[in-house]
Amino acid sequence: MNNQGRPTATDTAPPRAAKKTFTTNRALQLEEPLIFEHGRPDVTGVDLDEPETFASRLGGLEREETIGLPGLSEPEALRHYVRLSQKNYSIDAGIYPLGSCTMKHNPRINEAMARLPGFADIHPLQPQSTVQGALELIDTLAHWLMEMTGTHAVAMPPKAGAHGELCGLMAIRAAIDARGEASTRKIVLAPDSAHGTNPATAAMVGFSVRSIPAGADGVVAVESVRAALGPDVAAIMLTNPNTCGLFERDIVQIAEAVREAGGYFYCDGANFNALMGKARPGDLGVDAMHINLHKTFSTPHGGGGPGAGPVVLSERLAPFAPVPFVVRNNDAYALREQASGQSFGRMTAFHGQMGMFVRALSFMLSHGSDGLRQASEDAVLNANYIRAGLADILSSPFGDRPCMHEVLFDDKWLDGTGLTMLDIAKALIDEGFHPMTMYFPLVVHGAMLIEPTESESLASLNLFIATVRDVAFRIQRGETEAFHAAPIFAPRQRLDETRAARNPVLRWTARKPIRG
Ligand SMILES: *Cc1c(COP(=O)(O)O)cnc(C)c1O
């Protein structure tokens, strides 16, 4: 600062407390009020004739107050939604290193295919003779999913990974019922490191969860599974590669032990992107596994949907698959709609997420078998490149050994600094990076889980590594104070998370409209 208190060209440090502007905008990052605070309830954006007077037939039930809809002109409405869309950080804007989420590029060829009118403009209640191409596409995708996983059947309806878990466990419950063991087999085994959806799904289907510990090396040992097995166990739910980014070394012996004990092996296949083209879960002894098309096969993760979580099934679970499914009679495709035999029934209104199916098949066919294998290899290579680039400066819970598609660090390197992983994540926001996954898996203290996917270039990985190293060097030099306030460049600064949790404001209440 010079002595007038004005910034000079030599002031490179950002102002500690963000200065307010008159408009509350921050440079070209524009504030955007809610549409109800924006528009004027007494005007309309379109030019309508006054309605003719008419005799009300509502018998005195007419509204007396205005409905309160905001009136905006076309440019105002357009700007509102464009500004909202710009607030969303996305994989199309930059690296999205969220571990376990597999945020990869969605090639635009997928979008072009999904927009073909024959796929985009059809209705699930159309006569089947008019949607033969769509049914063929579902059948072809189902074929490749079984081929890649070495399994016998696939249920296409589930609309997310968690929904796929539900489907798989419902098939397992039906199989156990059919054996007359519904009253004895009530337990599902799941490791401590499981994604929260695993125990939640088991509980939803009516099972109790028995937790199995992972070893000091981050994987589940077959001995721990054997110790937990018994005539009361219906199934095990195991993620492979697991949520620590490690391949479950004993998976084949675990599958055998579970089968010998009369249980089923549900594999959480959300991380199939590390295996596709390399290993087939069916060969490892898996009975049921969901595949997140929106992770492995690139279709977008919407805000809570659309996703698609088809479940592949082994020979012994195939008879219990839900309806509907596509069957082929000579040259015609049909949907088998009625549950017969041992099928557990229907779990969704229609047959799945058509748009996601088109995108996933487009991804598969445009990559080819060699391309899919390379995508797995590149995803694993990229994660290991980040691991190698940060191993000397961060701390790793399971020693410095290779990972699969994601790399896990813990917070030992922050000991004595007064900082937590949250501060690191917020500092990365200031640097223009969406933070990595934090505090998951729960088995690792202060977990930091990074998944670059195959989408990132060497330059992009190098910039990410250099940025995290710079953060770590600043901490090593004792420059920790600034971290507590991060992010300082974001339109919203550090939130009071305790207050938000203790005193959540869950309803919008009308304020005075901003304009008008
Ligand atoms: C993403 C994920 C899920 C859940 O998938 P959704 O499609 O989000 O329901 C389950 N398990 C693991 C390991 C995951 O990464």
Side-chain angles (χ1 to χ4, degrees), residues 91 96-104 106 145 155-170 188-205 209 214 218-220 235-248 251 265-276 281 286 288-312 347-348 352-353 355-357 359-360 376 379-380 383 403-408 436-444 447-453:
I91 187 69
Y96 214 126
L98 272 184
S100 212
C101 293
T102 314
M103 303 296 291
K104 62 166 75 172
N106 172 37
L145 291 175
M156 301 301 281
K159 304 199 192 307
H163 204 205
E165 292 173 32
L166 184 68
C167 176
L169 285 207
M170 285 171 82
V188 166
L189 308 181
D192 309 340
S193 58
H195 195 265
T197 50
N198 292 188
T201 302
M204 207 163 159
V205 180
V209 179
V219 299
V220 174
I236 187 171
M237 294 182 90
L238 200 64
T239 310
N240 190 45
N242 68 22
T243 57
C244 300
L246 302 171
F247 191 90
E248 288 291 351
I251 189 163
F265 182 1
Y266 187 90
C267 182
D268 180 329
N271 300 331
F272 189 52
N273 59 312
L275 297 185
M276 64 175 172
V286 167
M289 182 180 95
H290 71 264
I291 301 170
N292 301 55
L293 296 187
H294 48 288
K295 292 179 181 173
T296 302
F297 298 106
S298 85
T299 73
H301 298 240
V311 178
V312 291
M347 65 183 307
T348 66
Q353 299 281 44
M356 297 300 107
F357 295 166
R359 290 173 175 90
S376 297
V380 173
C403 57
M404 296 290 287
H405 60 297
E406 54 195 358
V407 53
L408 179 62
M436 62 288 160
T437 290
M438 290 187 308
Y439 304 135
F440 176 79
L442 303 176
V443 287
V444 169
M448 175 188 200
L449 186 63
I450 302 170
E451 178 174 13
T453 81

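In listed order, ligands and their atoms are each counted from 1. What's counted below: heavy atoms across the whole structure, side chains too, no hydrogens, waters or symmetry copies.
- Note that the CG atom of N106 and the NE2 atom of H301 stand 10.0 Å from one another [nearest 0.5 Å].
- Listed for the N292 side chain is no donor-acceptor partner under 3.5 Å among the backbone atoms of H294.
- Heavy-atom contacts of S100 reach the following atoms of ligand 1: 1 (C), 13 (C), 14 (C), 15 (O) (cutoff under 4.0 Å).
- For atom 9 (O) of ligand 1, the closest non-hydrogen atom on the protein side is A162 N, 2.8 Å.
- Note: L166 CG to T201 OG1 = 6.5 Å, rounded to the nearest 0.5 Å.
- With hydrogens and angles left out, the side-chain atoms of H290 and D268 include a donor and acceptor closer than 3.5 Å.
- In this structure, the protein non-hydrogen atom closest to atom 5 (O) of ligand 1 is N292 ND2, 3.0 Å.
- Atom 11 (N) of ligand 1 has D268 OD2, 2.6 Å as its closest protein atom, hydrogens excluded (heavy atom only).
- At least one heavy atom of E165 sits less than 4.0 Å from an atom of ligand 1.
- Atom OG1 of T453 is separated from atom NZ of K295 by 13.0 Å, given to the nearest 0.5 angstrom.
- When hydrogens are left out, the protein atom nearest atom 6 (P) of ligand 1 is G161 N, 3.4 Å; that is the closest non-hydrogen contact.
- Of all atoms in ligand 1, numbered sequentially from 1 with element shown, those under 4.0 Å from a heavy atom of A160 are 7 (O), 9 (O).
- If you look at A270 next to ligand 1, the close heavy atoms, those under 4.0 Å, all belong to the side chain.
- For the residue pair T102 and E451, a side-chain donor N or O sits within less than 3.5 Å of a side-chain acceptor on the partner.
- Within the set H290, K295, H163, M237, the minimum heavy-atom distance to atom 15 (O) of ligand 1 is found for K295.
- M237 CE to N198 CG: the interatomic distance, rounded to the nearest 0.5 Å, is 4.0 Å.
- At least one heavy atom of H294 lies less than 4.0 angstrom from ligand 1.
- Residue-to-ligand polar distances keep N271 apart from ligand 1: every N/O pair is separated by 3.5 Å or more.
- To the nearest 0.5 Å, atoms CG (L408) and CE (M436) are separated by 11.0 Å.
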